[in-house]
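Note on naming: letters A, B, ... go to the chains in the order of the sequence lines (proteins, then strands), and numbering restarts at 1 for each one. Basis for what follows: all heavy atoms, side chains included, without hydrogens, waters or symmetry-related copies. Note that the structure is a prediction, hence the values are computed from the model and not measured.
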Amino acid sequence: MSSVTVDHVPGKAHDHSHDHGHAMPHGWRRWLFATNHKDIGTMYLIFSLTMLFEGGALALLLRTELFEPGLQFFQPELFNQFTTMHGLIMVFGAVMPAFVGFANWMIPLQIGASDMAFARMNNFSFWLLPVAAILLTASFFVPGGATAAGWTLYAPLTMQMGPGMDLAIFAIHIMGASSIMGAINIVVTILNMRAPGMTLMKMPMFCWTWLITAYLLIAVMPVLAAAITMVLTDRHFGTGFFNAAAGGDPVLYQHIFWFFGHPEVYIMILPAFGIVSAIVPAFARKQLFGYASMVYATASIAILSFIVWAHHMFTTGMPVTGQLYFMYATMLISIPTGVKVFNWVATMWRGSMTFETPMLFSVGFIFVFTIGGFTGLILSMAPIDIQVHDTYYVVAHFHYVLVAGSLFALFAGAYYWMPKWTGRMYDERLGKWHFWMSMISFNVTFFPMHFLGLAGMPRRYADYAAQFTDFHAIATVGAFWFGLSQLIFVWVIIKSYSGKGEPAPAKPWEAAEGLEWTVPSPAPFHTFETPPVVK
Amino acid sequence: MKKLRGLLGSCAMLLSAVAGAQVQDMPGGPRVNQLNLTEGVTQIARDVVWLHWMMLIICLVIFVGVFGVMFYSIWAHRKSRGAKPATFHESVGVEIAWTVIPFLIVIAMALPATRTVVAMKDTSSADMTVKAVGYQWKWGYEYVDGPAAGVKFLSNLSTPRAQIENKEPKGQFYLMEVDNPLVVPVGKKIRVVTTANDVIHSWMVPDLGVKQDAIPGFLRNTWFRAEKVGEYRGQCAELCGKDHAFMPIVVKVVSEEDWAKWTAEQQKKLAALADDPNKQWTKEELIARGQNVYAAQCAACHQANGKGVAPAFPPLDGSKIVMGPQAEQIAILLKGKEGTAMQSYKQLSDVELAAVATYTRNAWGNGGKGQDPVVMPASFKAAR
């Protein structure tokens with residue numbers, strides 16, 4: 001990104017707001033009828049944090065059962081409900097809405113727009129989420145409990161589930177609708193509402209990654225909706241899409257699901273790349289290396305993500321040519337992903353670095369995400385994949401890219417922009433504790449899972465051979481440690497929002513770039529009512 | 001000093017006692033705290049181990065290179081050491097290099113992998129074909145050709161329930177032992193055709209380098225050629241419902257002589273079994289046989305006490321169907337019940353079905369008080 005200079009007087013916007021009769025509403029109306037991108041962003045973030053703790057609690061319940069072999073606390077039916085709901089809640093409730101929350105808050109501020117393009121749709125797309133979350137959570141309490149078919153909801157196992165399955169299908173439909181609306185809003189905002197002079201190739205990387213992610217969402221969420229609708233009609237209306245006896249095919253479901261599922265992986269990681277690409281230059285006090293190649297790499301990853309889906313299905317038994325094609329295509333993804341890592345390292349090279357919490361989480365992200373990237377490359381090899389498919393190796397792999405990847409980047413972004421959101425600096429000491437605790441306990445939890453998987457421990461097992469005991473015990477201890485460490489984060493947020501801590505200046509980070517740092521902290525209710533001019 | 005030595009001694013004894021009670025490696029299954037893939041007993045399994053080492057080494061080298069640079073930079077280029085930021089922000093040459101070089105590395109990785117993929121998929125010219133059918137929650141095997149052709153049996157978890165519920169200490173083969181292992185000859189190319197009866201299962205045996213999904217309504221195949229006599233263990237690898245963790249796979253690889261002996265024995269049993277339906281069984285014989293069938297086939301859902309698990313698995317104790325005329329129970333056992341987890345059990349023999357029906361009519365509170373307390377194999381034969 002070329003350096004951005006702004007012709008804009010900070011603070012002016014605030015006085016302005018009263019003239020328009022757009023004064024800030026108060027009480028519950030402010031939130032229920034919210035049309036302000038900052039309020040909606042805040043609600044998204046609070047919602048996703050709540051869901052992170054719900055999903056986390058489920059993870060701890062299943063780790064408790066896995067502490068030692070034998071059935072101690074939960075019967076397998078309930079255990080399977082926990083694994084399924086942990087996955088669904090984390091993917092659709094925690095990670096995706098969190099990134100939309102960041103988009104809501106930051107994209108208008110970064111491109112110099114006054115708000116999101118469709119403010120009322122923005123309100124609707126948020127308020128759909130709590131409805132979906134209630135449906136999902138309530139499904140635990142219907143006869144037969146929540147769906148226990150795994151978050152991938154493979155047919156025909158889904159045919160055997162109780163009404164909890166239908167609730168999950170409705171919830172996913174609603175969350176999908178919410179995502180699509182959010183994505184349309186983001187695309188329109190970015191394409192139409194950039195400040196004069198803010199050309200596409202001057203946009204911050206976060207906006208670029210979200211623009212590409214939004215297109216991915218629009219392309220694949222309907223595919224997921226189609227897949228689960230077919231499950232619904234198979235369950236209740238006598239269709240046989242996935243039933244061989246009626247001329248259907250259970251593997252068809254997997255093809256449709258993973259055609260959504262693989263781009264979904266990138267939906268959850270591309271905005272994370274954007275956040276890290278903002279933070280690393282700010283704390284290295286040096287421009288992002290290879291801005292253009294970052295944009296091209298993001299776009300290549302997005303395009304490749306559509307043509308590699310069947311690498312999730314190597315063990316279903318596809319023809320040798322199919323297996324070879326999906327293996328080669330998958331291996332190619334490592335190239336643009338590698339370019340990104342190289343660019344971040346080159347950005348740090350000969351910079352002048354300091355290590356506040358956002359930078360710690362970003363460096364941690366690069367380091368640990370890359371481990372997940374390497375195991376991904378190893379998994380892309382069909383013969384190795386067949387040996388470790390559906391074992392803990394895969395569990396380790398996707399938690400390295402999703403927890404140490406997406407979640408750590410979300411933490412990095414939260415610390416980076418929290419001064420802008422709250423007007424207060426967060427507690428640096430607590431932030432550092434949060435980072436080191438999370439980093440260490442994350443590895444204690446998930447590193448041993450590589451060994452378990454290589455030794456042949458299948459995933460989604462409520463009970464296991466006694467030879468696996470030690471690594472499971474370590475993972476359980478690590479999981480509780482990791483879970484409790486997240487309470488530090490909640491404490492940091494509460495402190496910051498309740499006005500404790502130093503008041504934050506408009507630009508608390510010495511070398512941070514972008515329009516968001518030209519407005520005061522906390523960002524006033526209305527910003528950029530007159531668009532800034534970017535030179 | 002003496003005291004200290006005594007203390008140390010008793011500590012050491014305690015430790016060794018604990019170690020003695022600890023689990024041991026499982027032959028043909030996981031070793032205690034195993035770190036890497038199993039070496040296995042097939043060429044494919046060994047190829048996979050080789051590929052994995054190759055990938056691990058390449059990835060480690062790149063990892064050390066990239067993060068060596070990053071951590072050096074973190075150490076040397078920090079503000080607290082007085083580093084002044086440079087201003088460079090792109091370099092076409094460098095950027096092309098770090099796109100092209102990884103591309104070449106990826107091609108180098110793909111070449112050996114391709115060879116293994118082609119070998120894995122080549123199920124042609126097998127010496128023998130076995131069909132593996134996944135059921136909730138057990139495996140069924142059927143010898144399609146060769147000297148054991150026609151032999152078929154079910155293979156259930158044989159770990160006692162008490163071990164799973166922590167009422168007994170866990171054995172060395174906990175959860176990875178079965179009543180009837182799949183028996184195959186050593187050194188022969190065995191083609192395994194998989195399918196499933198209800199939901200998708202996956203037939204995996206790491207030592208053989210095999211994992212193949214079993215898909216209801218479709219046939220898939222894979223193969224292995226075991227080079228060493230022994231028992232090799234695996235588990236179901238595709239989430240298939242409640243007892244997904246309790247349907248292991250054991251493949252017993254035997255020498256040529258043992259294989260001949262085993263097949264002869266099986267063929268004799270097969271011949272004996274064929275006469276069964278015409279025999280008049282006594283009620284006691286049927287109940288005794290039925291109890292075993294019930295424990296293996298029915299107890300997972302309907303429970304050993306016949307109370308079932310509401311709402312998916314209804315109770316048999318006091319059930320109208322079990323207490324009523326035999327025809328309805330026979331129909332359900334043979335055809336299953338649509339829209340529920342109750343599957344067809346027509347793969348069982350008439351004697352087994354009659355035995356289990358008779359057992360349920362006489363067990364628990366039912367006590368033979370309903371209609372038709374004894375069901376004869378001939379009734380099943382007629383109803384098929």
Side-chain angles (χ1 to χ4, degrees), chain A residues 69-71 76-77 143-144 150 154 156-157 160 244-245 250-251 285-287 289-290 293 315-317 320 323-324 327-328 331 334-335 338-339 341-342 345 348-354 367 374 378 381-384 386-387 389-390 451 454-456 458 460-463 465-468 470, chain B residues 23 26 30 32-37 48 51-52 55 59 66 69-70 73 77-79 83-86 89-90 95 98-99 102-103 106 110 113-114 116-118 120-121 164-166 170 174-176 199-200 202 206 211-213 215-218 220 235 237-239 241-242 245 311-312 341:
Chain A
L71 297 177
E77 301 92 305
Y154 274 10
L157 187 56
Q160 297 182 352
V251 179
R285 291 167 182 72
K286 186 165 155 273
Q287 225 179 309
F289 186 88
S293 69
T315 63
T316 56
V320 64
Q323 234 166 34
L324 289 176
M327 177 171 86
Y328 298 150
M331 295 177 92
S334 63
I335 297 166
V339 166
V341 175
F342 298 145
V345 173
M348 291 188 221
W349 186 253
R350 289 179 55 208
S352 170
M353 278 184 276
T354 52
F367 186 67
F374 278 129
I378 291 172
M381 291 212 145
I384 305 178
I386 287 171
Q387 192 72 315
H389 174 81
D390 258 324
F451 303 136
L454 289 170
R460 295 163 167 173
Y461 265 32
D463 194 5
Q467 285 77 6
F468 298 124
D470 290 353
Chain B
V23 266
M26 187 192 296
V32 176
N33 297 345
Q34 181 181 328
L35 296 179
N36 199 353
L37 291 166
V48 171
L51 280 173
H52 181 247
M55 293 297 288
C59 290
V66 172
V69 172
M70 189 180 89
S73 177
H77 305 145
R78 48 170 70 217
K79 199 183 175 197
K84 292 273 172 295
H89 58 85
E90 58 189 7
E95 288 174 60
W98 70 35
T99 311
F103 186 67
V106 162
T114 303
T116 309
V117 170
V118 173
M120 279 176 127
K121 296 301 291 187
I164 296 169
E165 285 162 3
N166 309 306
K170 294 176 177 39
Y174 180 67
L175 294 191
M176 296 182 81
V199 299
I200 303 178
S202 190
K211 183 180 288 146
Q212 175 58 56
D213 288 0
I215 299 158
F218 290 86
R220 292 287 198 269
Q235 291 170 297
E238 183 60 65
L239 179 61
K242 154 173 114 59

- Message: Checking B:Val199 against A:Tyr154 for the side chain to side chain contact (heavy atoms under 4.5 Å, CB included) test, could you report, in this order, the C-alpha distance in whole Å, the side-chain angles of both residues, the deciding distance, and whether it holds?
- Response: CA-CA 9 Å; B:Val199 299; A:Tyr154 274 10; over 6 Å; no
- Compare all side-chain heavy atoms of A:Ile378 with those of B:Cys59 and state whether any distance is below 4.5 angstrom. yes
- Taking everything shown except A:Tyr328 itself, do over 12 heavy atoms lie less than 6.0 Å from its OH? yes
- Item | Within-4.5 Å side-chain heavy-atom neighbours: A:Met353 and B:Ser73 | yes
- Message: I'd like to know which of A:Pro143, A:Gly70, A:Pro458, A:Ala462 tops the heavy-atom pair count under 4.5 Å against chain B.
- Response: A:Gly70
- Message: For A:Ala245, which atoms come within 4.5 Å of any heavy atom of chain B: side chain, backbone, both, or neither?
- Response: neither
- Query: Quick one: does A:Lys286's side chain have a donor or acceptor within less than 3.5 Å of a partner on B:Ala86's backbone?
  - Reply: no
- Any A:Asp463 side-chain heavy atom under 4.5 Å of B:Tyr174 side chain: yes
- Task: Using a cut-off of under 4.5 Å on heavy-atom pairs, state which of A:Met327, A:Gln467, A:Arg285 scores highest against chain B.
- Result: A:Gln467
- Message: If you define the side chain from C-beta out and look only at heavy atoms, does anything of B:Glu238 sit under 4.5 Å from A:Leu157?
- Response: no
- Relative to chain A, which segment of B:Asn166 carries a heavy atom at a distance below 4.5 Å: side chain, backbone, both, or neither? side chain
- Note on the structure: Highest number of heavy-atom pairs under 4.5 Å with chain A among B:Val32, B:Leu37, B:Val48 belongs to B:Leu37
- When rounded to the nearest 0.5 Å, the distance separating OG1 of B:Thr116 from CD1 of A:Ile384 is 9.0 Å
- Verify side chain to side chain contact (heavy atoms under 4.5 Å, CB included) between B:Val106 and A:Ser334, making sure each step is shown before the conclusion. CA-CA 8 Å; B:Val106 162; A:Ser334 63; 3.7 Å; yes
- Query: Does any non-hydrogen side-chain atom of B:Val66 lie less than 4.5 Å from one of A:Phe342?
  - Reply: yes
- Heavy-atom pair with the smallest gap, counting every atom of A:Ser352 and B:Pro85: CB-CD, 3.6 Å
- Message: Let's test your reading of the structure: which of B:Gln34, B:Lys79, B:His52 forms the most heavy-atom pairs below 4.5 Å with chain A?
- Response: B:Lys79
- Side-chain donor/acceptor of B:Gln212 to backbone N/O of A:Thr315, under 3.5 Å: yes
- Note on the structure: Residue set satisfying salt bridge (charged side-chain N to carboxylate O under 4.0 Å, His left out) with B:Arg78, at least two apart, ordered chain then number -> none
- Query: Would you say A:Gln387's side chain and B:Pro206's backbone share a donor-acceptor pair under 3.5 angstrom?
  - Reply: yes
- In terms of heavy-atom proximity below 4.5 Å to chain A, should B:Lys121 be classed as side chain, backbone, both, or neither? side chain
- Pair count under 4.5 Å, heavy atoms only, with chain B: among A:Ser293, A:Ala382, A:Gly150, highest is A:Ser293
- Does any heavy atom of chain A fall under 4.5 Å from the side chain of B:Met120, the backbone, both, or neither of them? side chain
- Task: For B:Ala113 and A:Pro383, work out which heavy atoms get closest and say how close.
- Result: O-CG, 3.8 Å
- Item | Contacting moiety of B:Lys211, where chain A heavy atoms sit under 4.5 Å | both
- Query: Do A:Val320 and B:Val117 come close enough that some side-chain heavy atom pair is under 4.5 Å?
  - Reply: yes
- Heaviest contributor of heavy-atom pairs below 4.5 Å to chain B, chosen from A:Ala244, A:Gly338, A:Gly351, is A:Gly351
- Task: Sort out for me which of B:Glu90, B:Gln235, B:Glu165 touches chain A most, counting heavy-atom pairs under 4.5 Å.
- Result: B:Gln235
- Are B:Leu35 and A:Leu454 side-chain neighbours, meaning at least one heavy-atom pair lies under 4.5 Å? no
- What part of A:Met348 gets closer than 4.5 Å to chain B, counting heavy atoms only: side chain, backbone, both or neither? both
- B:Asp213 and A:Thr316: side-chain donor and acceptor closer than 3.5 Å? no
- Under 4.5 Å from a heavy atom of chain A, the part of B:Met26 involved: both
- Engaged part of B:Leu239 at the chain A interface, taking heavy atoms whose separation is under 4.5 Å: both
- Message: Give me the atom names and distance for the closest heavy-atom approach of B:Pro30 to A:Ala455.
- Response: CB-O, 4.1 Å
- Most heavy-atom pairs under 4.5 angstrom with chain A, which of B:Ser202, B:Pro102, B:Gly241, B:Ala341? B:Gly241
- Message: Only pairs of heavy atoms separated by less than 4.5 Å count here; which of B:Ala83, B:Ala237, B:Ala245, B:Ala110 has the most with chain A?
- Response: B:Ala245
- Query: Where does A:Met331 contact chain B at under 4.5 Å (heavy atoms): side chain, backbone, both or neither?
  - Reply: both
- Query: Can you find a pair of side-chain heavy atoms, one from B:Glu95 and one from A:Val339, that are under 4.5 Å apart?
  - Reply: no
